[in-house]
Amino acid sequence: MTRTLYDATRAELGELLADQPRFRVDQLWKGLYEQLAEPGDLTTLPKALRGKLDVALPAALTTIVERVSDNGDTVKYLFELDGGSRIETVLMLYPDRVTVCVSSQAGCAMGCGFCATGQAGFTRHLTAGEIVEQVVRAGRKAREMNRRLANVVFMGMGEPLANEANVWASIERINTDIGLGARHLTVSTVGLVPGIKRLTEWPMQVNLAVSLHAANDELRNELVPINRRYPLDVLMEACADYLVAKGRRLSFEWAMIDGVNDRESDARELASRCRALPLAAHVNLIPLNPTPGYLTRGTALKRVHEFRDRLEELGVNATVRRNRGTDIDAACGQLAAGQPVTQQITIGRRPAAGLTESGTSGSPL
Ligand code: SAH
Ligand code: SF4
């Protein structure tokens, strides 16, 4: 695979600029990470050098579609990677903060039946640079809109804790070089316990979101197959250890599926799992987005609110998250091929074959 712009280390840039005065490396590094600039736009660099960099270090992401929601608060990207896989990135502008939802893999091997990415299967891991570049692209767009990107959630395509090395490397870059605080970065996992344990030991204070969706093993085995390997008792123990060690925010994601995990018994089971934790966790409720491969529908909003109220009565903090940007198929979540696109701004080499819906919603921050 070609080494891409945001995959190159500082030392590699140094080698590439070996014939230049030393301050050029610093100029370039700051240009890429602090100014979020493209090398071609770094007019402090000599023109010939800019041309050389463009060839030696190509951008990783080709924009296939950029779509802005009607009210302008959500921007969804479909990017193509080297090799042809496509990933989704969603920029969400809230009144008080700006968040980007990034993908960590093209596809996903975890096989959750309700998730469009899971239905499509796994294609490949993203490199650290491919992840960082999603943040850079979103940051640039936010700036164009006179806003400042401050939060990153790993809730796009893929399972971040199945691509740990590259995800951690990207987090380090996002934190150290782009300058976003670790407390503004959230890793969402389906519940890969070894990864949660390593995250617990990692000094960086990133937030953790665990996609729970069911609080008994029978139902969770069905919704989230990896539960067979890491059943709820083991998962909750890892969450408890995380809470004690970090004192950081832990949230549980719960995609509400009509008649499946939105019953009174589900609220009780979930509340009892939460109450057993040493510190409070926060539950995010999101009505399931429809996907082509899963026939059951999302819970009606009224019932979602009732479920939230019930959890609160049972002593659990819960928030209803709205699916953002449904008019542009955006909600931060998954991408799969297949559905026709009705309205779009096509920028890249060829029109999108299909941007499909799915995914979640607002950031847990
Ligand atoms: N693999 C990680 C992160 C990416 S998925 C994880 O599973 O946590 C991000 C979130 O979207 C998860 O909470 C996931 O359960 C949720 N999700 C997947 N498909 C969805 C759908 N159709 N509707 C609503 N949320 C969905
Ligand atoms: Fe993968 Fe997360 Fe989708 Fe499950 S919900 S298939 S873990 S992306």
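As the structure lists them, so they are numbered: ligands from 1, and atoms in each ligand from 1. As the structure is a prediction and not an experimental result, all values here were calculated from the model.
To the nearest 0.5 Å, atom CG of residue Leu311 and atom CG of residue Asn317 are 10.0 Å apart. The distance from atom CZ of Arg228 to atom CZ of Arg220, rounded to the nearest 0.5 Å, is 11.5 Å. Atom CD of Glu66 and atom OH of Tyr77 lie 4.0 Å apart (nearest 0.5 Å).
Connection of Val244 to Leu235 is not established within any shared hydrophobic cluster, with ILVMFWY side chains joined at heavy-atom distances below 4.5 Å, either directly or through further cluster members.
Heavy-atom contacts of Thr189 reach the following atoms of ligand 1: 6 (C), 8 (O) (cutoff under 4.0 Å). Near Gly158, meaning under 4.0 Å from any of its heavy atoms, are these atoms of ligand 1: 1 (N), 2 (C), 3 (C), 4 (C). Less than 4.0 angstrom separates some heavy atom of His213 from each of these atoms of ligand 1: 14 (C), 15 (O). Set against the non-hydrogen atoms of Met155, the atoms of ligand 1 under 4.0 Å away are 4 (C), 9 (C). For ligand 2, the atoms lying closer than 4.0 Å to a non-hydrogen atom of Val190 are 7 (S). Within the listing of ligand 1, atoms 22 (N) sit less than 4.0 angstrom from a heavy atom of Thr291. For ligand 2, the atoms lying closer than 4.0 Å to a non-hydrogen atom of Gly118 are 6 (S). Below 4.0 Å from some heavy atom of Glu253 lie the following atoms of ligand 1, by number and element: 13 (O). Distances below 4.0 Å separate heavy atoms of Met110 from the following atoms of ligand 2: 1 (Fe), 7 (S).
At a 4.0 Å heavy-atom cut-off, ligand 1 touches Leu288 through backbone and side chain alike. Residue-level proximity to ligand 1 for Val210 is absent, since no heavy atom of it falls below 4.0 angstrom. In Glu159, the parts holding a heavy atom less than 4.0 Å from any atom of ligand 1 are both the side chain and the backbone.
In summary, Cys112 places an N/O/S atom under 2.8 Å from atom 4 (Fe) of ligand 2, meeting the contact criterion. Because the distance cut-off is set at 2.8 Å, Cys115 qualifies as a neighbour of atom 3 (Fe) of ligand 2 through one of its N, O or S atoms.
Judged by the shortest distance from any of its heavy atoms, Pro290 lies outside the 4.0 Å radius around the atoms of ligand 1. Every heavy atom of Met157 sits 4.0 Å or more from the atoms of ligand 1. Residue Gly156 places a heavy atom less than 4.0 Å from ligand 1. Heavy-atom distances between Ser211 and ligand 2 stay at or above 4.0 Å for every pair. At least one heavy atom of Phe154 sits less than 4.0 Å from an atom of ligand 1.
Applying side chain to side chain contact (heavy atoms under 4.5 Å, CB included) to Leu180 and the options Ile171, Ile174, Asn151 leaves one that passes, Ile174. Tested against Val167, the residues Leu199, Val102, Ile131 include a single side chain to side chain contact (heavy atoms under 4.5 Å, CB included) partner, Ile131. Looking at Met204, Gln205, Arg249 one by one, the single match for side chain to side chain contact (heavy atoms under 4.5 Å, CB included) with Arg183 turns out to be Gln205.
Within a 6.0 Å sphere centred on CD of Glu313, heavy atoms belonging to other residues, nucleotides or ligands number more than 12. The environment of NZ in Lys197 is sparse: at most 12 heavy-atom neighbours from other residues, nucleotides or ligands sit within 6.0 Å. Counted within 6.0 Å of CZ on Arg303, heavy atoms from surrounding residues, nucleotides or ligands total more than 12; the atom is thus considered enclosed.
Residues Gln134 and Val100 approach most closely at O-CG2, 4.5 Å, considering heavy atoms.
Note that Arg310 lies outside the cation-pi zone of Phe307, set by a 6.0 Å cut-off to the ring centre and a 45° limit from the axis.
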